[in-house]
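Here the structure comes first, spelled out in structure tokens, and everything after it is commentary.
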Amino acid sequence: MRDVAIIGVGMIPFGRRDQDSLIDMLAYASMKALDDAHLGDKAVDAVYVANMGGGILQHQTGIASALVDRLSLLPAAADLVENGPASGASAIKNGVQAIASGYSDVVLVAGGEKMREVTGWRATDFVATLTHPESEYPYGITLPGMAGMFTRLYMEQHGLTAEALVAVAIKNQEMGALNPYAHVEMMITKEGIFDSPHSVVNNPLVADPLRLYDACPVSDGAAAVLMCPLEMARELTEKQPVVVAGFGQATDTHTLQERDDPTDLKAVRLAAQQAFDRAKLKPSDVDVAELHDAFTVLEIAESEHVGFFGKGEGSKAALAGLTRFGGKIPINVSGGLKARGHPVGATGVAQVVEITWQLRHELPKERQVKNAKVGLTVNFGGFGNNVLAFVLRRAS
Amino acid sequence: MSNLQITGYKCKHCGRIHYPRHEQCLQCHGREFESIAPEGNATLLAYTQIFNLPWGFDERFLIIGVAQFGNGIKSMGQIKAESLDQLHTGMQLRPVWEPVRYVYGEPVYGLKLEPMG
Ligand SMILES: [Zn+2]
């Protein structure tokens, strides 16, 4: 198998993009990735597109065919990858496998979602369609609702505190304010959302015990990466290559109720383990991580399940500032989903774009992790029923 | 006879209870199941109160939880409570089968759980 390198990345600012169609956004991000690699007229063999909701939200299917045509990359192979909120990482994994196996040389992966053209009511229902159609969906359960149940159990069993969740929210919005691609560029204070009389008004319950500032916004956005075999990277581009050192993917029961221990994010644990094993690296080798903080609780729980901290230690680590920029293991220096936003199909790709910038040392110094060599991403699908992790490494 | 339209599947090989249905046992991959109905009251395992409801609901909020019946079937359901103050994990709930949502004016039936006083 061949080593795979990321040679180009691109992203468009996330947020509300009324003027752009889904295909517009995917196309803009793709062109940025192609231009980033200075690839010129070199052929792209295959395009993988990550999108969860085009069929439901835009009433549009055949998204990959539409994009490859828009980009005039014909006759490149083109496939749509739908894997819920983990579609982005799934599409990248498909690209990695295509290159590693020798079937493809130059692969473009673009992930995008357009969620703001429907009401919040509809968007919530759209995401809830990934729950079990018989035993979950009819009850009105939502992803925030799943996260709310999970949070209460985590509080009861693993020492999670509301204060630790607030620390994650503040940290990620602080970092998001430095990220020009972030949807939310607003700083928040502990007083404003936690321990003042105004806080209950500013920060109402969404799914008890989770509050408004525990949840990511609903966003439009797109991101793209261009990959090739590592051995070809040096001849194709002058950009510092970033190697996909390892990936992992694991699944868990569709419903939360069938897990023996619902607080055990087994798929996160297994996906990260697999990614580290393939990379021949360990959690302590990671310099910077992008974890899937669709809800603040997930950043803490994932930081434990990937092996940064023991179970029950993630809260303390967040409160002690270990996961802040400049801390022991900086998590979501981009602002994470919490501040960058979560256009579901784009998220897994955006995480890899962010880590690529970190490992190339291209970010402004206020959020560039010094001398970063190894990065981790976790893209969390369903409520943890389909999870992917990537370990990325700066090529020597 | 239970009036709850919930069918659990008990693996004939290892005894693991499944709901919803699987073609193979999650634990031993056995393929033979005994269909079982929920029995007795249910114990509350997890719950939340949701304020931002999806399209299709007019309520101000929903209280939703996961509960386990005496014979091991675990199911999600709507909880008939006015506030979370009435609830705690491990408490007993009485199951009823009632409309849980309406689609084009037609009721969709499902599990509702009443806190037992
Ligand atoms: Zn079995």
Side-chain angles (χ1 to χ4, degrees), chain A residues 56-57 118-157 204-212 215 218 251-263 266 295 297 383, chain B residues 5-9 16-22 25-27 42 44-59 61-69 72-79 81 83-85 87-90 98-103 107-113:
Chain A
I56 293 179
L57 300 174
V118 298
T119 60
W121 220 31
R122 286 279 184 182
T124 301
D125 177 62
F126 151 62
V127 180
T129 59
L130 59 75
T131 62
H132 196 284
E134 172 198 347
S135 71
E136 292 180 332
Y137 179 83
Y139 294 106
I141 189 67
T142 60
L143 269 290
M146 295 265 195
M149 286 197 277
F150 176 83
T151 304
R152 175 167 284 100
L153 292 174
Y154 226 82
M155 286 176 161
E156 287 173 354
Q157 296 171 24
L205 283 165
V206 169
D208 193 292
L210 291 176
R211 294 178 174 274
L212 180 66
V218 174
T251 50
D252 201 349
T253 60
H254 192 170
T255 67
L256 211 51
Q257 75 219 27
E258 287 211 285
R259 298 187 194 162
D260 294 327
D261 174 4
T263 67
K266 202 186 278 179
F295 307 98
V297 63
F383 196 82
Chain B
Q5 303 294 304
I6 287 175
T7 304
Y9 300 88
R16 178 165 175 135
I17 312 281
H18 301 73
Y19 175 69
R21 178 192 163 123
H22 300 261
C25 173
L26 281 169
Q27 194 161 287
L44 183 60
L45 301 180
Y47 60 97
T48 186
Q49 183 173 20
I50 303 174
F51 293 91
N52 295 46
L53 301 185
W55 173 82
F57 289 88
D58 288 326
E59 291 85 343
F61 63 80
L62 284 173
I63 298 180
I64 294 181
V66 170
Q68 182 167 25
F69 289 91
I73 295 177
K74 289 187 243 175
S75 176
M76 184 172 279
Q78 289 176 358
I79 300 175
S83 136
L84 293 195
D85 295 342
L87 307 180
H88 60 88
T89 47
E98 291 181 357
V100 291
R101 74 189 296 163
Y102 292 84
V103 177
V108 175
Y109 281 74
L111 179 65
K112 284 201 178 184
L113 299 153

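Reminder, nothing fancy here: chain letters follow the sequence lines and each chain counts from 1.
One finds the CE atom of Met76(B) at 6.5 Å from the CG atom of Leu256(A) (value rounded to the nearest 0.5 Å). One distance of note links CG of Leu205(A) with CD1 of Ile50(B); it measures 12.0 Å at 0.5 Å rounding.
The contact between Leu26(B) and chain A is made entirely by side chain atoms (from C-beta outward), counting heavy-atom distances below 4.5 Å. Both the backbone and the side chain of Ile64(B) come within less than 4.5 Å of a heavy atom of chain A. Residue contact with chain B, scored on non-hydrogen atoms closer than 4.5 Å, involves the backbone and the side chain of Ser135(A) alike. Using a 4.5 Å cut-off between heavy atoms, His22(B) touches chain A through its side chain atoms alone. For chain B, the nearby part of Thr253(A) is the side chain; its heavy atoms alone come within less than 4.5 Å.
Counting only heavy atoms from C-beta outward, the side chains of Pro20(B) and Thr255(A) approach each other to under 4.5 Å.
Inspection of non-hydrogen atoms places His132(A), Glu134(A) of residues 126-134 of chain A under 4.5 Å from chain B.
The most heavy-atom pairs under 4.5 Å with chain A, out of Tyr109(B), Phe61(B), Phe57(B), come from Phe57(B). Interface summary for chain A: among Ile17(B), Ile63(B), Leu84(B), the most heavy-atom pairs under 4.5 angstrom belong to Leu84(B). In terms of heavy-atom pairs under 4.5 Å with chain B, the best-connected choice from Gly140(A), Ala207(A), Pro209(A), Gly145(A) is Gly140(A). Ranked by heavy-atom pairs shorter than 4.5 Å toward chain B, the options Thr142(A), Val118(A), Val206(A) are led by Val206(A).
In terms of the side-chain hydrogen bond (donor to acceptor under 3.5 Å, both in side chains) criterion, residue partners of Asp208(A) (sequence neighbours excluded) are, by chain and number, Arg152(A). The side-chain hydrogen bond (donor to acceptor under 3.5 Å, both in side chains) test applied to Tyr137(A) returns Asp125(A), not counting sequence neighbours. For the side-chain hydrogen bond (donor to acceptor under 3.5 Å, both in side chains) test, residues two or more places apart in sequence or in another chain that qualify with Glu156(A) are Thr89(B).
Between Asp260(A) and Arg16(B) there is a salt bridge, since at least one side-chain N of the basic residue sits less than 4.0 Å from a carboxylate O of the acidic one.
The minimum heavy-atom distance between Tyr47(B) and Met149(A), with the atom names listed, is C-CG, 3.6 Å. For the pair Arg259(A) and Lys74(B), the tightest heavy-atom approach, listed with the atom from each and the gap, is O-NZ, 3.8 Å. When every heavy atom of Val108(B) is checked against every heavy atom of Pro138(A), the shortest pair comes out as CG1-CB, 4.4 Å.
Using a distance-only test at 3.5 Å, with no hydrogens or angles considered, no donor-acceptor pair links the side chain of Tyr139(A) to the main chain of Arg101(B). Checking side-chain atoms of Glu258(A) against main-chain N and O of Tyr19(B) turns up a donor-acceptor pair under 3.5 Å.
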